[in-house]
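Have a look at the structure below before the remarks.
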2 protein chains.
Amino acid sequence: MDESKRRNTRQKDAVRHALGEAIGFVSAQQLHLVLRNFGSTIGLATVYRALADLAASGDADALQSKDGELLYRACTTDHHHHLICRACGKTIEIEAERVEKWADEVAKEHGFTQPTHTIDIFGTCLSCQ
Amino acid sequence: MDESKRRNTRQKDAVRHALGEAIGFVSAQQLHLVLRNFGSTIGLATVYRALADLAASGDADALQSKDGELLYRACTTDHHHHLICRACGKTIEIEAERVEKWADEVAKEHGFTQPTHTIDIFGTCLSCQ
DNA sequence: TTCTTATTGACAATCGTTATCAATAAGCGG
DNA sequence: CCGCTTATTGATAACGATTGTCAATAAGAA
């Protein structure tokens, strides 16, 4: 799809908005359910498409849950990582400049180019212990 | 299943061995195909079960590929992370003591207990550029 | 060897995600 | 505002990875 020919639809806005309201990471299926409960007639496939678009354009970030589900979250800052409660899903965005550098260095040391990385920390938060 | 009543079977050994021979991460399906090509009559479900066991007992580690497939790799050292070529899948085990500490500290700072983490670095290796 | 039961393997079932495709509607030019 | 083009939608089918089912098999103890 040519970026210049992308259209704005009420469905995409709905997904963007619902994702913004959500706390922590949510799956496409959860989001779809929420939207339907609010009276939207949006289709499941459309939610998947909208989320994939948001992730591709950097407005959301995605991670894989332990059981293979794709989870999304509205993204505020540019690049960051997450500290996630494994019980309630509460998520804290963390700065990791030191680690960013370390990751890029390790890649370079071994001759790997265009390094990217995934770093997530899981734990049990205060209110869930 | 009670750990003390676990039996050793030629199928489990076959999976263990095939995983040891494999370079980088492999999926259960790939491993099943390889075993069948070598004349084994092992079932797909058995490969899944054996790999899950190996991962649970710490003899293999698992990660999720970008498209949701579970990938396994024979595990030599205790705890480590990976530098993975996104083209050919070549994998280098990396030490990350500094980062281990950092991850635990970040968790503790926010009151999170029992911290675990996932750290993987992706890049394009020399021979794939 | 015999017996118990963990394990196997073929297959069905499940679940998340993606492809298909006719119907709809965004946004352009007039 | 009116058509027209075509990106987008939504229902549903298809897909692929994984897990459950269950009768048949075989490990390992007696």
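Keep in mind that the numbers below use all heavy atoms, side chains included, and drop hydrogens, waters and symmetry copies. Chain A is the first sequence line, chain B the second, and so forth, proteins listed ahead of strands; every chain is numbered from 1.
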What I'd like to find out is whether the side chain of A/K12 reaches to under 4.5 Å of the side chain of A/R7, using heavy atoms alone. no
For the side chain of B/Q11, counting heavy atoms from C-beta on, which of D/dA17, C/dG9, C/dG16 is nearest? C/dG9
Exactly one candidate in A/L44, A/I42, A/V26 meets side chain to side chain contact (heavy atoms under 4.5 Å, CB included) with A/L31; the answer is A/V26
Hey, which sits more toward the 5' end of DNA chain D by its nearest nucleotide, B/A52 or B/N8? B/A52
Side chains of A/Y72 and A/Q30 only: does a donor on one sit below 3.5 Å from an acceptor on the other? no
Nearest to the side chain of A/A45, which nucleotide is it out of D/dA11, D/dA7, D/dT19? D/dA11
Please report the distance, rounded to the nearest Å, between CD in A/E69 and P in D/dT19. 14 Å
When you measure from the side chain of B/Y48, which nucleotide among C/dA6, D/dT19, D/dG10 comes out closest? D/dT19
Check whether any side-chain nitrogen or oxygen of A/Q29 sits under 4.0 Å from OP1 or OP2 of C/dC15, and answer yes or no. no
Is it the case that atom CZ in A/R98 sees more than 12 heavy atoms from other parts of the structure closer than 6.0 Å? no
Rounded distance (Å) that lies between atom P of D/dT8 and atom CZ of A/R16: 12 Å
d(CG, B/D13; C1', D/dA26) in whole Å: 14 Å
Side chains of A/H81 and A/E100: is there a donor and an acceptor less than 3.5 Å apart? yes
Residue B/L44, side-chain heavy atoms: nucleotide from C/dG16, D/dT18, C/dA10 that is nearest: D/dT18
Select one nucleotide: of D/dT6, C/dT17, C/dA6, the one nearest the side-chain heavy atoms of B/R7. C/dA6
Counting only side-chain nitrogens and oxygens, does B/K12 get under 4.0 Å of the OP1 or OP2 atom of C/dT7? yes
Kindly say if A/R6 contacts the phosphate of D/dT6, meaning a side-chain N or O under 4.0 Å from OP1 or OP2. no
Per A/T41 side chain, nearest of listed nucleotides D/dG10, D/dA17, D/dT5: D/dG10
Rounded to whole angstrom units, what separation is found between the CG atom of A/D53 and the C1' atom of C/dT18? 14 Å
Tell me the closest heavy-atom pair linking A/A14 and A/L35, and the distance in Å. O-CD2, 3.9 Å
Taking the nucleotide of DNA chain D with the nearest heavy atom to each, does B/R49 or A/R10 sit closer to the 5' end? A/R10
Separation of D/dG10 atom C1' from A/L33 atom CG, nearest Å, is 16 Å
Categorize A/T46 for me: base, sugar-phosphate, or nothing, with a 4.0 angstrom heavy-atom threshold over every strand shown. base
d(NE2, B/H32; P, D/dG16) in whole Å: 16 Å
Between atom CG in A/L70 and atom P in C/dC15, what is the gap in whole Å? 18 Å
Whole angstrom is fine here: how far is it from CZ in B/R36 over to P in C/dT8? 14 Å
Ignoring the backbone of A/T9, work out which of C/dG27, C/dT7, D/dT8 is nearest its side chain. D/dT8
